[in-house]
Amino acid sequence: MMSGQASDVTTESGDVISHNDVPDELMSVVTSLTSPRRYVPQWYVYDTRGSELCEELIQKSKTYKVWQHEYSILQTHADDIASKVSSPAVLVDLGSGASSKTRLVIEAMRQRHGRLTFVPVDMAKEFIENCGRQLETDYPGLTVEPFGGMYMDGVQNVAAREENRLLLWLGNSFSNVSIHHQVKMLQEIRAQLSEGDRLVIGVDMDADREALSQAYGDQWAPIWRDNLISRLNKDFDGNMDVEKFDFSFELVENPPDGDTPSYVALSLSSSGRQRVHLRTLGLDIDFDDGEKIYFYEGPNTSCKFNLRQLRRLAESSGFAVDAYWTNAEENYCVICLAPADVSHTSV
Ligand SMILES: C[S@@+](CC[C@H](N)C(=O)[O-])C[C@H]1O[C@@H](n2cnc3c(N)ncnc32)[C@H](O)[C@@H]1O
C-alpha cells in the first residue's frame, strides 16, 4: 500500500513507463532505479526471503551487534517503556520485521496494561502476517493487527484510535531514513500524536571505524546484493547478474559537535560497463564501470548518532526527550520522545 496515486515515470532516455502497467508499490522502485543517482527504496530489500535472512543475520552476527545491544536495553527497561503510557494502550511497531525484540515490550505491556492490541507496520506484508500469527499463538489474548505498508501510512492507520499509543521504532531503522528527511518525518509523526502517546526509537551510537567496517562487511551481500537482485529479476523479469555487482561500504564521519551524525553508506557498484534489461518495463539501464546503486534516496543507509544530536533532532521535530536508556558499552540508545508541548520534564 502506498500513499497517494503513483505517477508515470519518464526515464533518462525519454521512455515513459505508465503506472497502469506496474503495481503501485513497485512504481517507486522504477522511479528510484531510473533516477540519475540510482537507488532502491530501503524497504524493497525486505521481501519475505530478505526479512528471513536479515533476522537470522542480526541475531547471529558476531560483528553486527545492533540486535544484541538493543535487546540488552529492552531486557532491563521494557517495563520502564511500558510505564510511559497509561491504560488502555495500543502498541505500534514501525518496521517491525520479526518483532523478535519487541516481544520483551509486548510482555511488559501485557503485565502492566492487561489486554493489548499490537500493530506491526512493515512493507514486508506477508512476513509480518506470518509473525503476527505466531505472536497470537505465543501470547493468548493478544490481538495482532498487522499493517502491511509504509511507516507514515501505519501511523495514520492508528491516528483515530482511542487508546494511548506507544510507537516503537527499533533496530536502528529510523537512522536509515535520509538525513534530509528525518526532521520532517518526525514532525509528521508528531502531528499524529496526542498528549498521552510516546515514540520510542532505538539508535546506534557506535562510530568506531574498525567496528563498523566489520559490521557492514560482506556478511550482508546475501541480503543486500543476492536477494535484492533476485527480487528485481523476479519482479521485472530482469537479467541482472549478481556476479557483476560488488557490495561496498563507506563511512562518512562528521564532527561530533555538529548536528549531522556520522553515517554509513552501502551500495552495489557495477564491475565494468554493462546494460541491464528489465523486460516487463521494456527498459534498458546502462551502468558505467563503478556506477552505484544505493539503498536509499538519501546519502545514509544508517546513521551513528550521539546524545546531543538526538536531543537536537527531537527538539527540531516538536518532541521532548522524556527518557533514554543506553547499554553497558554506551554505544546504543533507546530514547523515549514525548510530544513537546505536553511534556513537563526533558531529561
Ligand atoms: C532493520 S529492519 C528492523 C526490524 C525490527 N524492527 C528489528 O528491530 O529487528 C527494518 C524493517 O523496516 C521495514 N521497512 C523499511 N522501510 C520501510 C518503510 N518505508 N515503511 C515500512 N517498513 C519499512 C523493513 O521491511 C524491515 O522489516
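Any value given below was found using the heavy atoms of this structure, including those in side chains, with hydrogens, waters and symmetry copies removed. Counting convention: from 1, in listed order, for ligands and their atoms alike.
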Atom 17 (C) of ligand 1: closest protein heavy atom, distance to 0.1 Å, is Tyr151 CZ, 3.3 Å
Side-chain donor-acceptor contact under 3.5 Å, Asn254 with Thr260:
no
Protein residue, atom and distance nearest to atom 9 (O) of ligand 1, heavy-atom basis
Lys101 NZ, 3.2 Å
Identity and distance of the protein heavy atom lying nearest atom 10 (C) of ligand 1
Ser173 OG, 3.4 Å
Counting only nitrogen or oxygen atoms and a 3.5 angstrom limit, does Gly171 reach ligand 1?
yes
Start with the C-alpha distance between Tyr216 and Ser302, add both sets of side-chain angles, then the distance that settles side chain to side chain donor-acceptor pair (under 3.5 Å), and finish with yes or no.
CA-CA 10 Å; Tyr216 290 95; Ser302 170; 3.1 Å; yes
Could you tell me, atom by atom, which parts of ligand 1 come under 4.0 Å of a heavy atom of Gln42?
15 (C)
Give the single entry among Gly149, Ser51, Ala124, Gly95 that approaches atom 21 (C) of ligand 1 most closely by any heavy atom.
Gly149
Within the 4.0 Å heavy-atom shell around Leu170, which atoms of ligand 1 are there?
6 (N), 8 (O)
Enumerate the atoms of ligand 1 whose separation from the nearest heavy atom of Trp43 is less than 4.0 angstrom.
15 (C), 16 (N), 17 (C)
Cation-pi geometry met for Arg231 and Tyr44 (6.0 Å, 45°)
yes
Do Arg311 and Phe319 meet the cation-pi criteria used here (NZ or CZ under 6.0 Å from the six-membered ring centre, within 45° of the axis)?
no
Close aromatic pair by centroid cut-off 6.0 Å: Trp169 and Tyr151
yes
Using ring-ring contact (aromatic ring centres under 6.0 Å, His included) as the criterion, list what pairs up with His77, not counting sequence neighbours.
Trp325
Arg308/Asp257 salt bridge by N-O under 4.0 Å criterion:
no
Between Gln111 and Ala108 (side chain of the first, backbone of the second, donor and acceptor by atom type, cut-off under 3.5 Å), is there such a pair?
no
Counting only heavy atoms closer than 4.0 Å, does ligand 1 sit against the backbone of Met123, its side chain, both, or neither?
both
Any atoms of ligand 1 less than 4.0 Å from a non-hydrogen atom of Met150? List them with their elements.
19 (N), 20 (N), 21 (C)
For atom 25 (O) of ligand 1, what's the nearest protein heavy-atom neighbour? Residue, atom name and distance, please.
Asp122 OD1, 2.6 Å
Part of Ile58 with heavy atoms under 4.0 Å of ligand 1, whether side chain, backbone, both or neither:
side chain
Please find out if less than 6.0 Å separates the ring center of Phe249 from that of Trp220.
no
Give yes if a backbone or side-chain nitrogen or oxygen of Glu55 is under 3.5 Å from a nitrogen or oxygen of ligand 1, and no if not.
no
Any heavy atom of Pro41 under 4.0 Å from ligand 1? The part involved is neither
Is the NZ or CZ atom of Arg279 both under 6.0 Å from the centre of the six-membered ring of Phe236 and within 45° of that ring's axis?
no
For Gly97, take its heavy atoms, then give the atoms of ligand 1 lying under 4.0 Å from any of them.
27 (O)
